[in-house]
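Take a look at the structure below.
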Amino acid sequence: MRATTSKVVAQGSVAAGRIRELNTDLDHLLGRTIEQMYRQKDTAGIQLQTTRTEAIALYRHIWRYSRLFVWQNEQGKPWRDVLRHSARQEYDLARHEQDPELVSRMIVTGRDAVHQVVDKFMAKRDQLEQTSLKPAPPESTF
């Protein structure tokens, strides 16, 4: 009876050791999975905050640069107001977009468009300044 009892005890302790190992492995696996989930959530939050910040910065650039357009369009509305209204419509349409790649693409496209418009505006302004600085041709007295 002693031999069987010691075998059962030995087998029981081996099984208990295996169960402890499995529990430890399981705890480690679950802990690591939960950590990864929290890291992914934190990263997504940071990415969302970054794109949100970039979008707001782009909107402010549009608002700031629209001040340069002081003349009126064909309907008599100032171009400044037309540009601001158009930017607001674009932002409202894209407000609920969830795809981060698409949001980033829209921000990059918008930033590029603003830079192109400002560059063209400045080039035209410089051209107008150059033509206004040129001396008038002398008038003939004939």
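For reference, positions follow the sequence shown, starting with 1.
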(request) Say whether W63 and L68 are linked into one hydrophobic cluster, either directly or through other cluster members, by side-chain heavy-atom distances under 4.5 angstrom. (result) yes

(message) What's the separation between atom CG in L102 and atom OG1 in T51, rounded to the nearest 0.5 Å?
(response) 11.5 Å

(message) I'd like to check D81 versus F69 (side-chain heavy atoms, cut-off strictly below 4.5 Å). Are they in contact?
(response) no

(message) Are K77 and Q72 packed together at the side-chain level, in the sense that at least one heavy-atom pair is separated by less than 4.5 angstrom?
(response) no

(request) Decide whether D126 and Q130 meet the rule of one side-chain donor and one side-chain acceptor closer than 3.5 Å. (result) no

(message) Looking at Q116, I'd like to know if its CD atom is crowded, meaning that more than 12 non-hydrogen atoms belonging to other residues, nucleotides or ligands lie closer than 6.0 Å.
(response) yes

(request) Determine whether V117 and V70 fall in the same hydrophobic cluster, where Ile, Leu, Val, Met, Phe, Trp and Tyr are linked whenever their side-chain heavy atoms lie under 4.5 Å apart. (result) yes

(request) Using a 4.5 Å cut-off on heavy atoms from C-beta on, say whether the side chain of R67 contacts that of R84. (result) yes

(request) For the pair Y65 and F121, evaluate side chain to side chain contact (heavy atoms under 4.5 Å, CB included) and give the outcome as yes or no after the intermediate values. (result) CA-CA 10 Å; Y65 289 130; F121 180 87; over 6 Å; no

(request) Tell me whether V118 is reachable from V82 by hopping between hydrophobic residues (I, L, V, M, F, W, Y) whose side-chain heavy atoms are closer than 4.5 Å. (result) yes

(request) Decide yes or no on side chain to side chain contact (heavy atoms under 4.5 Å, CB included) for K124 and K120, but give the supporting numbers first. (result) CA-CA 6 Å; K124 187 65 173 179; K120 287 180 182 179; over 6 Å; no

(message) Does atom CD (E90) have a neighbourhood of more than 12 heavy atoms from anything else shown, all under 6.0 Å?
(response) no

(request) Check whether any side-chain heavy atom of V114 lies under 4.5 Å from a side-chain heavy atom of L58, and answer yes or no. (result) yes

(request) Give a yes or no answer on whether the side chain of Y91 reaches the backbone of A55 with a donor-acceptor pair at less than 3.5 Å. (result) yes

(message) Under 6.0 Å from the ring centre and within 45 degrees of the ring axis: does the NZ or CZ of R88 meet both conditions for the six-membered ring of Y59?
(response) yes

(message) Taking the side chain as everything from C-beta on, heavy atoms only, tell me whether H61 gets closer than 4.5 Å to R111.
(response) no

(message) Under the criterion side chain to side chain contact (heavy atoms under 4.5 Å, CB included), I'd like the reasoning laid out for E97 against D99: C-alpha separation, chi angles, the key distance, then a yes or no.
(response) CA-CA 6 Å; E97 184 59 50; D99 184 15; 3.5 Å; yes

(message) Within this structure, what is the CG-CD1 distance for the pair L83 and I62, rounded to the nearest 0.5 Å?
(response) 9.0 Å

(message) Does either side chain, that of S66 or that of R80, offer a donor lying less than 3.5 Å from an acceptor on the other one?
(response) no

(message) I'd like to check R95 versus D92 (side-chain heavy atoms, cut-off strictly below 4.5 Å). Are they in contact?
(response) yes

(request) Keeping the roles fixed (side chain from S104, backbone from P100), state whether a donor-acceptor pair exists under 3.5 Å. (result) yes

